[in-house]
*Asks:* 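Below is the structure I would like to discuss, written out as structure tokens.
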Amino acid sequence: MSCYPRIYDIVRQIPHGKVATYGQVAELAGLFGKPRVVGYALYRGAPEQEIPWHRVINAKGEVSRSAFRDGSDDLQQLLLESEGIVFELGKLSLAQYRWQPPRSLLAQIQQIPKSDPG
DNA sequence: CAGATGACAAGAT
DNA sequence: AATCTTGCCATCT
């Protein structure tokens, strides 16, 4: 697995009607300061599993778009609105929808082994 | 190895 | 507020 299973594990923890920023997922995944790797992992991996990738947005509360997402650039927003999240001017209230990870998860952030010098 | 890219984030202008 | 620039680094070419 050349990707980061941690990232998918974290994203899966995001509850319904909540969102998390790439930076937040990154730090929860042990990639503090490397939000790009998160986006990259989702972009590259984007497993057809139950990964609620649509609950991951940028730090500005906006939904990132890309010319080659799924054909529909608004797909992510549509999915979020389907969960009860209300958008305003193309943005949402992070203060209102920001996912607050459980302490049990925060505690593991400092327990993540990077890699063993096998 | 070297150059370029990206579903980001924070700072400066 | 919008744009430009830098930082970060795995991945692609």
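Values in this document were obtained by computation on a predicted structure and should not be read as measured data. So that the names make sense, note that chain A is the first sequence line, chain B the second, and so on, each numbered from 1.
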*Asks:* Rounded to the nearest angstrom, tell me the gap between atom NZ in K91(A) and atom P in dA2(C).
*Replies:* 8 Å
*Asks:* Expressed in angstrom and rounded to an integer, what is the separation of L31(A) atom CG from dG7(C) atom P?
*Replies:* 20 Å
*Asks:* Quick one: does Q24(A)'s side chain have a donor or acceptor within less than 3.5 Å of a partner on W99(A)'s backbone?
*Replies:* yes
*Asks:* Whether the side chain of E27(A) engages the backbone of F32(A) through a donor-acceptor N/O pair (distance < 3.5 Å, no angle test) should be reported.
*Replies:* no
*Asks:* Of the listed nucleotides (dT11(C), dA7(B), dC9(C)), which one gets closest to any side-chain atom of V37(A)?
*Replies:* dC9(C)
*Asks:* Between atom NE2 in H54(A) and atom P in dA7(B), what is the gap in whole Å?
*Replies:* 19 Å
*Asks:* Does the side chain of T21(A) get closer than 4.0 angstrom to OP1 or OP2 of dC8(B) through an N or O atom?
*Replies:* no
*Asks:* May I have the distance from N58(A) (atom CG) to dG6(B) (atom C1'), rounded to whole angstrom?
*Replies:* 14 Å
*Asks:* Measure the distance from CD1 on I7(A) to P on dC8(C) and round it to the nearest whole Å.
*Replies:* 18 Å
*Asks:* Within this structure, what is the CZ-to-C1' distance between F32(A) and dG7(C), rounded to whole angstrom?
*Replies:* 13 Å
*Asks:* With the side chain counted from C-beta on, respond yes when V25(A) and L42(A) share a heavy-atom pair under 4.5 Å apart, and no when they do not.
*Replies:* no
*Asks:* For the side chain of Q76(A) and the backbone of V56(A), is there at least one donor-acceptor N/O pair under 3.5 Å apart?
*Replies:* yes
*Asks:* Separation of K60(A) atom NZ from dC8(B) atom P, in whole Å?
*Replies:* 9 Å
*Asks:* Expressed in angstrom and rounded to an integer, what is the separation of R36(A) atom CZ from dC9(C) atom P?
*Replies:* 12 Å
